[in-house]
**Student:** 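The structure is given below, and queries will be raised subsequently.
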Amino acid sequence: MLVMQYPKCTTCKKALKWLDDHGITYESRDIKENNPTAEELKDWYQRSGMPLTKFFNTRGTLYREMHLKTKLPTMSENEMIQLLATDGMLVKRPLVILDDQVLIGFNEKTWSETLL
């Protein structure tokens, strides 16, 4: 299991603590230092079953500065994937990549149902 996270993110800290508290082994990757590639994002998006817009960190400064709320609806999936691959701070976190599933953000109920 791979966890894409940002060390300064309080939600990511909470999520990693939850994993540790439940004895779940994971590989952690700093999303800012080691941004997901377009190929990874495309694969994760396809496995997630979620709309691609869910992968965007809508609370982030960069998202707001780039006015993505208004731009995303006019972008193709490929354009969105390429944009996400430019900066890890655009990607919603934590992002948990399992063999058959992808979890976006930390929701304790969903994580419990999926990981325990």
Side-chain angles (χ1 to χ4, degrees):
M1 176 169 90
L2 173 64
V3 179
M4 299 293 295
Q5 53 83 32
Y6 179 54
K8 294 180 181 177
C9 167
T10 56
T11 303
C12 292
K13 290 177 187 176
K14 183 178 177 181
L16 294 178
K17 182 181 182 325
W18 185 92
L19 291 171
D20 292 339
D21 289 349
H22 288 86
I24 298 172
T25 305
Y26 58 91
E27 175 189 343
S28 178
R29 187 165 129 195
D30 184 329
I31 204 164
K32 185 168 173 65
E33 296 297 318
N34 193 352
N35 191 49
T37 65
E39 293 77 22
E40 287 175 321
L41 288 160
K42 185 175 182 179
D43 175 53
W44 299 341
Y45 158 59
Q46 290 171 342
R47 285 197 274 157
S48 75
M50 302 287 285
L52 186 54
T53 53
K54 295 286 185 190
F55 279 79
F56 281 87
N57 176 16
T58 58
R59 292 183 174 184
T61 306
L62 190 54
Y63 180 90
R64 290 191 302 272
E65 286 174 355
M66 295 177 75
H67 307 287
L68 292 178
K69 183 177 183 177
T70 56
K71 291 181 182 177
L72 287 182
T74 65
M75 295 174 76
S76 70
E77 284 186 357
N78 189 51
E79 288 171 325
M80 284 190 259
I81 288 169
Q82 294 300 321
L83 179 60
L84 284 167
T86 64
D87 193 319
M89 298 310 282
L90 286 173
V91 181
K92 184 167 179 76
R93 53 196 182 266
L95 194 59
V96 176
I97 295 83
L98 304 160
D99 290 336
D100 60 346
Q101 196 170 5
V102 176
L103 303 176
I104 305 167
F106 178 62
N107 178 299
E108 193 168 340
K109 182 177 185 283
T110 302
W111 282 36
S112 293
E113 292 168 355
T114 306
L115 303 173
L116 297 180

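Treat the numbers as computed from the prediction; the structure is a model and nothing was measured.
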**Student:** Using 0.5 Å steps for rounding, measure from the CZ atom of F106 to the CG atom of L95.
**Tutor:** 14.5 Å

**Student:** V96 vs L2, test: side-chain contact (heavy atoms from CB on, under 4.5 Å). Steps then yes/no.
**Tutor:** CA-CA 6 Å; V96 176; L2 173 64; over 6 Å; no

**Student:** Atom CG in L19, atom NZ in K14: separation rounded to 0.5 Å?
**Tutor:** 12.5 Å

**Student:** Going from OH on Y45 to CD1 on I81, what distance comes out if it is rounded to the nearest 0.5 angstrom?
**Tutor:**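 Going from the OH atom of Y45 to the CD1 atom of I81 covers 7.0 Å.
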
**Student:** Working to the nearest 0.5 angstrom, can you tell me the gap between L98 CG and W44 CH2?
**Tutor:**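 Output value for this atom pair is 11.5 Å.
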
**Student:** Quick one: CD1 on I31 to CE on M4, what's the gap to the nearest 0.5 Å?
**Tutor:** 4.5 Å

**Student:** Just by distance, with hydrogens left out, do Q101 and S48 show a side-chain donor and acceptor under 3.5 Å apart?
**Tutor:** no

**Student:** Is the backbone of D99 close enough, under 3.5 Å, to the side chain of R47 for a donor and an acceptor to pair up by distance?
**Tutor:** yes

**Student:** Are side-chain N/O atoms of N57 and Y6 paired as donor and acceptor at under 3.5 Å?
**Tutor:**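 On atom types as modelled, these side chains do not qualify, holding no pair under 3.5 Å.
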
**Student:** With a 4.0 Å cut-off, would you call R29 and E40 a salt bridge?
**Tutor:**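 A salt bridge is present here (some side-chain N lies under 4.0 Å from a carboxylate O).
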
**Student:** When rounded to the nearest 0.5 angstrom, what distance separates CH2 in W18 from CG in L115?
**Tutor:** 5.0 Å

**Student:** When hydrophobic residues are tied together by side-chain contacts of less than 4.5 Å, even through go-betweens, does V3 share a cluster with I97?
**Tutor:** no

**Student:** Between T74 (side chain only) and K71 (backbone N and O only), is there a donor and an acceptor less than 3.5 Å apart?
**Tutor:** yes

